[in-house]
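Heads up: the structure comes next, in structure tokens.
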Amino acid sequence: MVIIALNFNLLSEEIEKGTWKMILMQGKSPFQFLIKKISVRVVFIFAVLAVLFLVAKVILQIPLDSNFLYIIINSYLYLLFWFSLCIFVIFLRKSSNANAIILLSSWLLLVVFIPVLINNYIVNKYPVGEAFTMTIKQRDEYHKRWDTDKKETMDKFYAHYPQFAKYGIKEQGFSWLWYYAMQQMGDDQSKNEREAMYLKIAQREALSKQIARYFPPLQVQLSMNEIAKTGLTNHIEFLKATTNFHEDLRLFFYPKIFENESTDSIDWENHESDFFKEPSTYKLLNNIIFTMILTVLLLSFGLYKRVFFKVK
């Protein structure tokens, strides 16, 4: 929006005020004059962004690694795209009002309307009804075990964990073995829905990336998500890692719980907080190539078509 506000009347204002003819009469190159005006705005915007990155680096203590570099490259390329779009519209030689309408309409289309339409299309193409079904099935499978024969529950639990079959079945009263078996039934019975949900989410993001490459605002947003590892597939990987982490805890603590061991027998110093670290799979060129091509095409067409032949 700032770039549009600074550039929409770059040429049209000179023509409307009558100063453009004076520039031509002085024998100065109109192309060089416009390039200088544009350059001032480019330098100003780029400098502001550089200051913001510097402040963020200091305050947030962001490490100077490849991810930070990718963020910077994507950000500056995104600004170049909007400058190229402005230059293209400027050299159409429309009025200031027309330029403003065209650029604002482009902004609304690229940033608001198209993302909404694409999101609706993807949501309808890959509906994730399994999320609700999984939750209901998981809780229902657990709760109904209170009224189910214990042997049925324990047989399924031992089928999942045959190494614990030696603990047998306690028919009377409450036992932690039966309690955790009930919990496990909820997870096991909702596994298919969980896997289907993960698949649908992965398909959503894959389709989003495929479509977004043709729309720079969407491409930049998805690139930022991938760099920061906050995308949908990153969330799935986190959930899978959490499941594996919990499974390791189960295998360690279940025997001690089932055998009624004292908590003093456990070396708690060996149990520390664990953190999910996902390796980066971001490929810079694959994510910026189309935006680069589109930026170059807008600049080339605008300059060739409207400067060298029209600006006289």
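It should be emphasised that the depicted structure is a prediction, and the values quoted were computed from it without experimental measurement.
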Asp140: which residues meet the salt bridge (Lys or Arg N to Asp or Glu O under 4.0 Å) condition with it, sequence neighbours left out? none
Co-members of Met197 in a cluster of I, L, V, M, F, W and Y side chains, linked at under 4.5 Å: Val128, Met134, Tyr198, Ile201, Leu232, Ile236, Phe238, Leu239, Phe276
When you look at Lys191 and Glu195, which way does the salt bridge (Lys or Arg N to Asp or Glu O under 4.0 Å) test go after all the steps? CA-CA 6 Å; Lys191 181 180 179 180; Glu195 294 299 328; 5.8 Å; no
Between [X] and [Y] (side chain of the first, backbone of the second, donor and acceptor by atom type, cut-off under 3.5 Å), is there such a pair?
X: Lys150; Y: Trp178; value: no
X: Tyr142; Y: Met185; value: no
X: Trp268; Y: Thr263; value: yes
X: Asp65; Y: Phe68; value: yes

Pick out which of Thr242, Asp248, Thr243, Asn244 makes a side chain to side chain contact (heavy atoms under 4.5 Å, CB included) with His246. Thr242
Looking at Gln163, I want to see if its CD is surrounded by more than 12 non-hydrogen atoms of other residues, nucleotides or ligands under 6.0 Å.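 Check passes, neighbour count above 12.
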Carefully, step by step, assess Glu226 and Lys209 under the rule salt bridge (Lys or Arg N to Asp or Glu O under 4.0 Å). CA-CA 10 Å; Glu226 188 172 354; Lys209 290 181 179 180; 3.6 Å; yes
Does any pair with a residue in residues 274-295 pass salt bridge (Lys or Arg N to Asp or Glu O under 4.0 Å), and if so which ones, sequence neighbours excluded? none
Determine whether Tyr180 and Tyr254 satisfy the following criterion, ring-ring contact (aromatic ring centres under 6.0 Å, His included), listing intermediate values before the conclusion. CA-CA 9 Å; Tyr180 287 115; Tyr254 273 179; 5.3 Å; yes
